[in-house]
Amino acid sequence: MRKYFEFDKLGTNYRRETIAGITTFLAMAYILAVNPYMLSGADLPPELKANYPEFGAVFTATALAAAIGTLVMAFVGRLPIAQAPGMGLNAFFTYTVVLTMGIPWQQALAGVFLSCSIFLLLSLTGIREAIVNSIPQGLKNAVSAGIGLFIAFIGLKNAGIIVDNPATFVSLGHLTIQEGMKPEEILAVKNALLAVFGLILTAVLMSRKVNAAIFIGMLVTAIVGMFFGLVNLPEKIVSMPPSLAPTFGAAFQYLGDFSALFSMKMLIVVFTFLFVDFFDATGTLLGVASQAGLLKDGKLPRAGSALASDAIAGMAGAVLGTSTTTSYIESAAGVAAGGRTGFASVVTGALFLLALFFSPVLAVVTPAVTAPALIIVGVLMASHMANIAWSEMEEAFPAFLTILMMPLTYSIASGIAAGFIVYPITKLLKGKGREVHPVMYVLFFVFLAYFIWLRE
Ligand SMILES: Nc1nc2[nH]cnc2c(=O)[nH]1
């Protein structure tokens with residue numbers, strides 16, 4: 001084991017790797033609650049819930065996908081990088097693909113499976129580099145940043161901090177109890193205040209570089225919520241994992257149905273899954289490996305294996321019943337705690353397996369408890385804005401549109417589409433059309449078709 005993971009070469013030991021693995025697990029454990037909450041449509045009106053998979057099954061799928069993905073990364077990629085279903089793509093799955101486009105969740109899972117299969121092929125061939133080079137850096141950063149604003153917006157809305165307003169579309173929710181309020185309005189104010197408390201607490205913990213900040217933030221928010229009668233106490237702590245039967249293999253119901261799978265709608269869905277996962281994984285692997293000092297001449301050793309591990313995790317997750325599983329930026333917490341090898345991922349993966357038996361604890365997860373996690377992950381992703389060339393208007397404008405449109409249209413795909421349509425136009429009109437890769441011109445027409453035919 002020591003030899004396989006190159007402990008001596010990387011100057012590490014079992015103790016340090018174990019602490020790193022636990023740290024990364026704690027930093028990402030929130031996904032065990034947030035992912036089933038989101039994918040099962042828990043924050044949608046009751047009449048829409050029938051369109052979504054069952055909470056318990058998605059919990060089991062989430063924990064298993066994270067465990068399998070992280071163990072594959074441990075043994076194939078041999079990196080201290082953990083995986084779990086990604087925030088952002090779970091929101092895209094729930095709100096755009098199923099809610100807005102009306103695609104059945106089983107077919108959406110087939111889309112996840114297809115996109116990850118294509119990703120696997122790309123990661124095993126040289127096409128990978130060609131794609132990375134064809135998309136402008138500014139747009140890649142804008143997509144990550146826009147997803148950050150989008151999931152923060154979801155958190156603010158779920159918590160009742162931002163509410164709808166007939167005159168201005170959105171406004172600040174009530175944060176004080178006023179005379180004449182109905183009981184449900186008073187409850188909404190209390191929940192919004194609980195979320196604000198959790199948010200400030202988590203932000204303070206993050207700024208103090210506490211590794212498990214998001215996890216501790218959720219835990220304390222839930223306990224405070226219980227104290228004020230806003231959160232139910234769990235009936236028990238430990239139980240057997242909920243059945244996977246409702247979601248396992250559901251993706252395959254649609255894999256044989258070519259007319260459903262190869263529609264224009266599904267093309268956009270599969271492209272968006274693929275695009276976001278591909279660039280997210282590339283960026284995360286490079287970023288975390290660089291922090292761990294694992295790059296050689298600026299390149300990731302075994303990059304193909306690492307990306308293949310990301311793709312395989314996504315395929316496994318789709319079969320189990322969750323949106324795209326991907327490499328987590330929170331792995332940086334484990335690296336900060338000293339993790340250097342795949343053994344840290346062995347520990348993280350084992351903890352996800354153990355978590356399978358703690359599903360009753362999830363009864364304490366309410367929108368006020370998940371909101372701080374969504375908003376803080378939003379901050380982490382929004383940091384990509386720093387890498388956009390703001391002083392060049394032909395670069396800044398498409399990037400800005402991409403970022404802004406994601407929360408405003410409540411759709412990652414519409415944000416990507418806006419940026420990819422405008423980018424070739426601004427570059428051409430600036431006289432820099434030759435700098436635009438031919439692939440970008442093809443995507444211009446694909447996304448134009450998306451707006452013309454899919455926004456009916
Ligand atoms: N890189 C990355 N890290 C995450 N942490 C939580 N969600 C994500 C995601 O989608 N991508």
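Ligands are counted one by one from 1 in listed order, and the atoms in each one are counted from 1 as well. Sequential numbering from 1 along the given sequence is applied to the chain's residues.
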Polar side chain donor-acceptor pair, Asp280 to Ser144, under 3.5 angstrom: no
Under 4.0 Å to a heavy atom of Thr284 - the qualifying atoms of ligand 1, by number: 1 (N)
Identity and distance of the protein heavy atom lying nearest atom 3 (N) of ligand 1: Ile329 N, 3.0 Å
Polar atom proximity, Met87 to ligand 1 (N or O, under 3.5 Å): yes
Aromatic ring proximity, centroids under 6.0 angstrom, Tyr423 and Phe444: no
Test of proximity, Val377 against ligand 1: N or O pairs below 3.5 Å: no
Proximity flag Ser327 to ligand 1, non-hydrogen atoms under 4.0 Å: yes
Heavy atoms from other residues, nucleotides or ligands near CZ of Phe275 exceed 12 (cutoff 6.0 Å): yes
Atoms of ligand 1 close to Glu330 [distance to a heavy atom under 4.0 angstrom, numbered from 1]: 3 (N), 4 (C), 5 (N), 6 (C)
Any Tyr30 heavy atom less than 4.0 Å to ligand 1: yes
Closest protein heavy atom to atom 11 (N) of ligand 1, given as residue, atom name and distance to 0.1 Å: Asp280 OD2, 2.6 Å
Whether Ser123 side chain and Leu120 backbone form a donor-acceptor pair below 3.5 Å: yes
Cation-pi, Phe5 ring and Arg78 (6.0 angstrom, 45 degrees): no
Ring centres under 6.0 angstrom apart (Phe55, Tyr37): no
Polar contact flag, side-chain donor to acceptor under 3.5 angstrom, Thr12-Glu17: yes
Close-contact set for ligand 1 against Gly86 heavy atoms, below 4.0 Å: 7 (N), 9 (C), 10 (O)
